[in-house]
Trainee: 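This is the structure I want to talk about, given as structure tokens.
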Amino acid sequence: MKYSTPKVDLADLNPEQRAAAENFTGPMLILAGAGTGKTRVITYRMACMLQRGVAPGNIAAMTFTNKAAREMSGRITELVGPARAKGLSVSTFHSFCLKILRDHGHAVGVAPGFGIVDTGDQIDLVARALKEKQWGGTVPVEDLHGAISRWKNALLGPDDILAGRGQLAPGYDREVFGRVYDLYERQLKINRVIDFDDCIYKTFLLLRKDPELQKSLAQKFRYILVDEFQDTNFAQLTLLGMIAGHHQNICVVGDDDQSIYSWRGAMYETLEEFERMFPGTQLVKLEQNYRCSNVILDAANSLIRNNSKRKEKSLWSQNTSKRPIRLVPLETADSEARWISEQCMSLLGGGIRHKDIAVLYRSNAQSRPIEMALREAGLRAKVFGGTGFFERKEVKDFLAFVKLAADPDDRLAFWRAISACPSGVGIKTLERLAALAERKKLSPLQAAETAGPDDLGRIKPAVDEFCTKIRGVWQGAQGATADTIANVGEQIIAQFKLLDEILMNTKDAPARLRKLEMIKSLPGWLGNAAKAVAIRDEQPSGAPVNWAKLMDRIMLTGEDDRNKDDSENAADVISLMTIHASKGLEFPAVFVVGVEEDLLPHKNSLELGEAGIAEERRLFYVALTRAKDHLYLSYALDRSSRMGTSSRRPSRFLSEIPKHLLAGEEGSAMDAVTDGVATALKREELRRKETIAQLGMLRQSLFPGRTP
């Protein structure tokens with residue numbers, strides 16, 4: 001098949017965008033504000049490279065989600081045609097590193113054919129390490145797991161921690177954390193798996209050990225581009241330096257004002273670190289916004305200038321709308337929800353569609369009253385986020401069987417799969433199998449297959465049946481193609497009675513129906529994933545599935561892919577999501593709710609001092625810049641939680657927005673903020689007096705006659 005190779009036309013780019021696209025020798029930092037067309041620039045930059053004769057295989061573009069990688073790849077193909085784009089490397093950081101580890105990881109102790117362990121299993125391994133050291137219950141497992149993740153992002157191993165390097169929260173024992181980290185790593189090795197952080201960390205160890213491999217990768221990838229650079233952590237930045245340091249042809253695109261993932265290890269300081277790592281970096285600022293009105297941009301600019309440690313820029317737009325930002329105080333969270341539904345009705349009456357409206361909040365807990373109010377008003381709405389697709393029990397169970405179909409000796413998958421079967425296999429049997437496997441140095445499946453009646457007792461027939469079925473599924477999977485692999489998924493569901501497990505253990509009828517529908521959809525989803533791998537690798541029709549690559553795709557597919565499928569293919573619905581989840585999206589009308597102290601900024605951020613407040617301010621900035629034209633801000637004077645009802649104060653961030661940009665329901669919006677603070681203080685004082693009075697009455701009832 002012959003493809004046309006269209007000429008790249010830069011006429012639609014503004015001067016700054018064009019400068020960024022045309023000059024691709026040496027280091028460049030593109031400071032791209034919200035809505036300034038950063039993805040457009042980076043794709044045009046690659047298109048210019050290809051048009052000027054750079055080979056596709058010499059270009060590596062990295063971003064942070066599979067959705068963004070697919071979007072970027074599609075745009076480049078549209079610009080230059082399929083023939084010229086063929087061989088271009090556009091992927092996430094983790095996928096890029098995973099390919100390197102697949103080829104060379106044995107040099108740093110990564111087993112050939114290794115798997116990737118998900119978050120739930122990582123936590124289980126940490127808990128097992130604590131138990132082995134008889135430290136169970138002494139340290140929260142999640143805290144220790146989080147510390148290990150942070151250390152890997154800081155390129156620190158167990159020996160580093162035990163030697164005193166690496167930060168540790170006050171009150172925790174470094175010896176305990178270091179020893180458990182070491183045991184966790186040993187378990188990963190025994191089970192022939194790595195965790196997500198290892199994709200970067202192990203690649204760093206590999207390149208540090210093998211300078212010649214560094215040079216080889218630098219020679220292959222002579223031009224490196226990184227999108228969403230503000231989301232990089234120390235490990236990723238170091239890795240980029242190891243490869244791009246040889247040729248200096250690296251371009252990063254980012255916005256320190258949208259750095260909102262410090263809890264994942266991201267550092268807004270990476271932009272400055274980049275300039276230090278690559279002296280002579282050319283700086284290009286993209287400040288023309290193609291999304292928001294100038295009213296919204298003026299508010300966002302004014303807000304974010306209160307962060308002292310940032311690169312100065314000021315967004316502007318040709319959108320001449322003068323519509324003010326509406327700021328509204330409500331009595332309670334329920335009245336806030338009802339007000340939102342009323343405003344949505346008004347917007348819909350004015351011609352805006354359901355899917356043009358988004359409701360953004362700081363915490364998932366805020367979504368429930370809003371969802372209920374919208375549904376009561378007869379409006380179509382969907383909550384995005386919550387429990388991740390890959391965190392659902394039924395999905396994790398199904399994937400355990402798929403992993404065994406790919407590799408029957410997958411230890412972690414075996415334990416989950418046999419526990420998921422309604423076969424009567426209980427904890428005691430699992431403990432016997434684990435002891436047998438350890439004693440004979442076998443995989444759990446091999447131990448189960450060789451176990452005798454003395455090992456398993458009356459449960460042996462059920463275990464034998466399980467093992468026979470696993471081998472049968474594995475044999476059938478070996479010849480599966482992208483077109484037939486869905487049959488393997490259906491065989492798994494039928495053979496291991498996964499529908500029966502849901503019917504027996506899910507009492508709530510709506511939840512049961514949702515889980516059954518989810519399970520039934522998984523074989524088709526597995527088939528689509530296999531077809532995507534086949535298309536990417538240009539496999540001939542009918543070729544056997546490459547199980548290693550398929551499992552890599554599945555395990556590295558994050559929530560962003562699932563949300564993409566949901567948001568792009570969903571019906572016309574109002575979107576409800578956290579501000580974090582909204583990054584990268586845009587809507588004609590946006591409600592930012594709960595703009596209150598202790599919510600935005602969140603109370604946990606106060607413990608981090610000014611750095612925590614600065615990140616919360618960036619988060620509010622992201623929320624504001626999701627709106628194209630209609631922007632609504634609201635807060636409640638009272639809000640209920642599991643701890644009871646408390647008076648709320650409007651967020652300090654509201655006072656950082658110029659008054660003339662805001663409009664309230666009645667009178668000045670900033671008067672509403674002042675009144676809100678005053679009302680909150682009065683209510684707090686009244687509640688304090690009521691509490692004192694109630695304590696006095698209780699004291700009198702317990703100790704009559706005693707003077708207060």
Side-chain angles (χ1 to χ4, degrees), residues 106 109-136 141 145 179-195 198 393 396-475 477-478 492 495-496 501 547-548 551 555:
H106 57 87
V110 177
F114 64 86
I116 303 173
V117 62
D118 66 18
T119 303
D121 286 333
Q122 291 170 35
I123 291 174
D124 289 344
L125 292 177
V126 172
R128 194 175 302 167
L130 276 168
K131 183 178 179 181
E132 182 168 326
K133 281 291 187 180
Q134 298 183 337
W135 289 329
V141 177
H145 172 256
R179 296 298 176 195
V180 171
Y181 184 5
D182 180 61
L183 275 177
Y184 170 77
E185 287 294 286
R186 287 160 57 189
Q187 288 184 90
L188 290 178
K189 189 170 184 177
I190 289 171
N191 288 296
R192 297 185 301 152
V193 293
I194 64 173
D195 61 29
D198 279 334
K393 179 183 182 299
K396 295 180 76 171
D397 290 346
F398 177 80
L399 283 178
F401 289 102
V402 173
K403 290 177 184 178
L404 286 175
D407 178 10
D409 291 334
D410 188 317
R411 291 158 169 78
L412 297 178
F414 176 88
W415 296 124
R416 182 164 196 104
I418 198 170
S419 301
C421 288
S423 58
V425 176
I427 294 176
K428 288 185 178 179
T429 302
L430 297 180
E431 289 175 341
R432 289 176 191 169
L433 284 175
L436 184 64
E438 179 68 23
R439 190 167 65 250
K440 294 188 175 182
K441 305 301 181 186
L442 299 173
S443 73
L445 178 61
Q446 291 170 331
E449 289 175 322
T450 59
D454 293 341
D455 297 308
L456 299 177
R458 63 179 179 81
I459 202 69
K460 178 173 168 54
V463 173
D464 288 344
E465 181 184 6
F466 174 83
C467 294
T468 300
K469 289 179 178 179
I470 285 294
R471 289 296 182 188
V473 170
W474 173 73
Q475 289 173 357
Q478 300 315 296
I492 286 170
Q495 288 276 352
F496 299 100
E501 197 275 337
W547 281 94
M551 296 313 300
M555 297 310 296

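Keep in mind it's a predicted model, so treat the numbers as computed, not measured. Throughout, residue positions are numbered sequentially from 1 according to the sequence presented.
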Trainee: Report the distance from atom CG of Asp124 to atom NE2 of His145, rounding to the nearest 0.5 Å.
Mentor: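 The CG atom of Asp124 sits 10.0 Å away from the NE2 atom of His145.
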Trainee: Which atom pair, heavy atoms only, marks the closest approach of Leu436 to Ala447?
Mentor: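 Heavy atoms of Leu436 and Ala447 come nearest at CD2-O, 3.4 Å.
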Trainee: Could you tell me whether a side-chain N or O of Asp198 sits under 3.5 Å from a main-chain N or O of Asp195, the two making a donor and an acceptor?
Mentor: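 A pair under 3.5 Å: yes.
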Trainee: For Ala448 and Cys467, which heavy atoms make the closest approach, and how far apart are they?
Mentor: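 Residues Ala448 and Cys467, closest heavy atoms: CB-SG, 3.5 Å.
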Trainee: Salt bridge (Lys or Arg N to Asp or Glu O under 4.0 Å) with Arg471: which residues, sequence neighbours excluded?
Mentor: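 Scan of Arg471 (salt bridge (Lys or Arg N to Asp or Glu O under 4.0 Å), adjacent residues dropped) gives Glu449.
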Trainee: Below 6.0 angstrom between ring centroids: does that apply to Phe466 and Phe414?
Mentor: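 Aromatic pair counts; centres sit under 6.0 Å.
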Trainee: Could you go through Ile418 and Leu433, starting from their C-alpha distance and side-chain angles, then the distance that decides it, and tell me whether this counts as side chain to side chain contact (heavy atoms under 4.5 Å, CB included)?
Mentor: CA-CA 11 Å; Ile418 198 170; Leu433 284 175; 4.2 Å; yes
Trainee: For Gly109 and Lys189, which heavy atoms make the closest approach, and how far apart are they?
Mentor: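 Scanning both residues, the minimum pair turns out to be O-CE, 4.0 Å.
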Trainee: Only one of Asn191, Asp410, Asp409 clears side-chain hydrogen bond (donor to acceptor under 3.5 Å, both in side chains) with Ser443; which?
Mentor: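 When side-chain hydrogen bond (donor to acceptor under 3.5 Å, both in side chains) is applied between Ser443 and each of Asn191, Asp410, Asp409, only Asp409 qualifies.
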Trainee: Measure from the side-chain N and O atoms of Lys460 to the backbone N and O of Ala451, and report whether any donor-acceptor pair falls under 3.5 Å.
Mentor: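 At least one qualifying donor-acceptor pair exists.
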Trainee: CD of Glu185 to CD1 of Ile190: how many Å apart, nearest 0.5 Å?
Mentor: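 One gets 11.5 Å once the value is rounded to the nearest 0.5 Å.
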Trainee: Above 12 or not: heavy atoms from other molecules or residues under 6.0 Å from CD of Gln478?
Mentor: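 More than 12 within 6.0 Å, yes.
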Trainee: Does Asp397 have any salt bridge (Lys or Arg N to Asp or Glu O under 4.0 Å) partners at least two apart in sequence or in another chain, and if so, which?
Mentor: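 Partners of Asp397 by the salt bridge (Lys or Arg N to Asp or Glu O under 4.0 Å) criterion, ordered by chain and then number, come out as Lys393, Arg416.
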Trainee: Is a salt bridge present between Glu465 and Lys469, judged by a nitrogen-to-oxygen distance below 4.0 Å?
Mentor: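 So Glu465 pairs with Lys469 through a salt bridge.
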Trainee: Any idea which heavy atoms bring Trp547 and Ala405 closest together, and the distance?
Mentor: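 Shortest heavy-atom separation between Trp547 and Ala405 comes out as CH2-CB, 4.3 Å.
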Trainee: Hey, is Arg186 close enough to Asp182 for a salt bridge, meaning N to O under 4.0 Å?
Mentor: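 Answer for the salt bridge query: yes.
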Trainee: How far apart are the closest heavy atoms of Ala413 and Ala400, and which atoms are they?
Mentor: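 So the minimum-distance heavy-atom pair works out to CB-O, 3.5 Å.
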Trainee: Any chance you could measure Gln187, atom CD, to Gln122, atom CD, to the nearest 0.5 Å?
Mentor: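 Rounded to the nearest 0.5 Å, the CD-CD separation comes out at 12.0 Å.
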Trainee: Out of the candidates Leu412, Leu183, Val180, only one should pair with Leu125 under the side chain to side chain contact (heavy atoms under 4.5 Å, CB included) rule; please name it.
Mentor: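 That would be Leu412; it is the only one of Leu412, Leu183, Val180 passing the side chain to side chain contact (heavy atoms under 4.5 Å, CB included) with Leu125.
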Trainee: Roughly how far, to the nearest 0.5 Å, is the CD atom of Gln446 from the NZ atom of Lys441?
Mentor: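 Between atom NZ of Lys441 and atom CD of Gln446 there are 13.5 Å.
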Trainee: Given Asp407 and Trp474, is the side chain to side chain contact (heavy atoms under 4.5 Å, CB included) satisfied, shown in steps?
Mentor: CA-CA 8 Å; Asp407 178 10; Trp474 173 73; over 6 Å; no
Trainee: Could you tell me the separation between the OH atom of Tyr184 and the CG atom of Leu130, rounded to the nearest 0.5 Å?
Mentor: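 With rounding to 0.5 Å, OH (Tyr184) is 12.5 Å from CG (Leu130).
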